[in-house]
Amino acid sequence: MMFETDIRPLDLTLTLDCGQAFRWKELEQGFWTGVVGKHMLTLRQSSGSVAINACTDDQNVVRLVRGYLRADDDIARIQRALAKDQTLTRGMKRYRGLRIVKMDEWECLVSYTLATYANIPRIKKMIDRLCTDYGEPIRGGEHAFPTIRRLGEASEKDLEKCGLGYRAKYVAGLCESLTPNELKSMTRLEYPDLKDRLLELHGVGEKVSDCVSLFGFGKLEAFPIDVWIVRALGRLYHVKGSYRKLSEFAFERFGEYAGYAQEYLYFNERSAAHENACAFSEVR
DNA sequence: GCCCAGGAGTGTG
DNA sequence: CACACTCATGGG
């Protein structure tokens, strides 16, 4: 069944293929297949509208996709607010179509806990195996992301077999220390309290906590700091220091939309590194 | 074969 | 609080 919905501005590739979410695949040019909730979807962008191919006639998939892509975020307004920062103004316009995604809280928490000290292809593989081994089969031949209960039934050894390595004990710990109700109650917390609560979880540090706040709980003021952001802040703003220190800088500088600022800085820094690498290789 | 990864936990100065 | 070290494996 096909649906269509209007989301502007949007760059589907930038949004789905950037390490925010890990389950999207571009099976053929412009066709992005992934799983959102219990639905396997194929998305295709034509200018500002998104064509949704789903194995259901349930109109709710439109709402699902609009929620996932945060269709109600007013990008123009967000960019205007961030444009008070001159440094950001130049870089961010070409990323107008990049949207922060709103993942399922549990999926996001597990995904980013797995993402520690692993590269993106491997993160995708770990998640794929967790889903095929423990996720409920859904129409289209895919699997939903495994629930807390199902994942909790797996032993640490079982989880290791999915290629998790030392992360298996973290995932097992998450299943033990959380219930679906607790996760749901956490959605009511404001960002500072939410972050502290996430930090209590074993295997969840500052960076993962911020990623989960941003991509899982939709806290746009969260500002995850990875190696690329450290580089960007040093190169563009000449600030360096501990995670806490950089966090405070980001909050004062970027405020309620720091999460979008983070994405712009992240992409800008990666492309800057890429351009340098190309320039260097041309000189040789 | 080698290097290293969208980090976090632990121990030490 | 700041650093160093380890963690278990699979991609590139």
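Everything numeric here is computed off the predicted structure, so don't read it as measured data. Chain A is the first sequence line, chain B the second, and so forth, proteins listed ahead of strands; every chain is numbered from 1.
Atoms CD (A:Glu248) and C1' (C:dC1) sit 13 Å apart, rounded to a whole Å. In this structure, A:Met126 atom CE and B:dG7 atom P are separated by 11 Å, rounded to whole Å. Atom pair A:Leu109:CG and B:dA8:P shows a separation of 12 Å (rounding to whole Å applied). A:Lys124 places its NZ atom 10 Å from the P atom of C:dG12, with the value rounded to the nearest Å. For A:Phe22 and C:dG11, the CZ to P distance is 15 Å, given to the nearest whole Å. Here the C1' atom of nucleotide B:dA5 and the CH2 atom of A:Trp228 are 12 Å apart, to the nearest Å. Rounding to whole angstrom units, CD1 of residue A:Ile120 and C1' of C:dG10 are separated by 15 Å. In this entry the distance linking OH of A:Tyr243 with P of C:dA2 reads 15 Å, nearest Å.
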Any chance you could encode DNA chain C as dot-bracket? Rule is Watson-Crick or G-U wobble with both distances under 3.5 Å; [ ] for pairs crossing earlier ones, | for another strand. |||||||.||||
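Heavy-atom distances to DNA chain B give each of A:Cys211 and A:Val204 a nearest nucleotide, and the one nearer the 5′ end belongs to A:Cys211. With DNA chain B read from its 5' end, the first of the two nearest nucleotides for A:His202 and A:Ile229 is the one closest to A:Ile229.
Closest to the A:Ser242 side chain, of the nucleotides C:dG11, C:dA2, B:dG7, is C:dA2.
The side-chain contact (heavy atoms from CB on, under 4.5 Å) with A:Leu12 is formed by just one residue from the set A:Arg99, A:Gln45, A:Arg44; it is A:Gln45.
In terms of phosphate contacts, A:Lys125 brings a side-chain nitrogen or oxygen within less than 4.0 Å of OP1 or OP2 of C:dG11.
Comment: A:Lys161 engages A:Asp158 in a salt bridge, judged by a side-chain N to carboxylate O separation of less than 4.0 angstrom.
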A:Gln29 and A:Glu26: CA distance, side-chain angles, deciding distance, side chain to side chain contact (heavy atoms under 4.5 Å, CB included) verdict: CA-CA 7 Å; A:Gln29 186 65 257; A:Glu26 190 175 29; 3.5 Å; yes
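Atom CD in A:Glu206 sits 8.0 Å away from atom CD1 in A:Ile225 (nearest 0.5 Å). Interatomic distance, A:Leu69 CG to A:Leu43 CG, rounded to the nearest 0.5 Å: 6.5 Å.
A:Tyr170 comes within 4.0 angstrom of the backbone, heavy atoms only, and of no base. In this structure, A:Gly19 reaches the bases: a heavy-atom distance under 4.0 Å links it to at least one base atom across the strands shown.
By the 30° and 60° cut-offs, the orientation of the rings of A:Phe267 relative to A:Tyr95 is tilted.
No donor-acceptor pair under 3.5 Å is formed between the side chain of A:Arg253 and the backbone N or O of A:Tyr237. Panel note: side chain A:Trp106, backbone A:Pro146; a donor-acceptor pair is recorded below 3.5 Å.
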Quick test: give all pairs of protein nitrogen or oxygen and nucleotides 6-8 of chain C nitrogen or oxygen below 3.5 Å, distance rounded to 0.1 Å.
from: C:dC7; atom 1: N4; to: A:Tyr117; atom 2: OH; distance (Å): 3.3
from: C:dA8; atom 1: O4'; to: A:Tyr166; atom 2: N; distance (Å): 3.1

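On the P atoms, B:dC4 is 15 Å away from C:dC5, given to the nearest whole Å. Between the P atoms of B:dG11 and C:dA8, the separation comes to 15 Å (whole Å).
Close placement of the A:Phe215 and A:Tyr112 rings is indicated, their centers lying within 6.0 Å of each other.
Minimum heavy-atom separation, A:Met40 to A:Gly140: SD-O, 3.2 Å.
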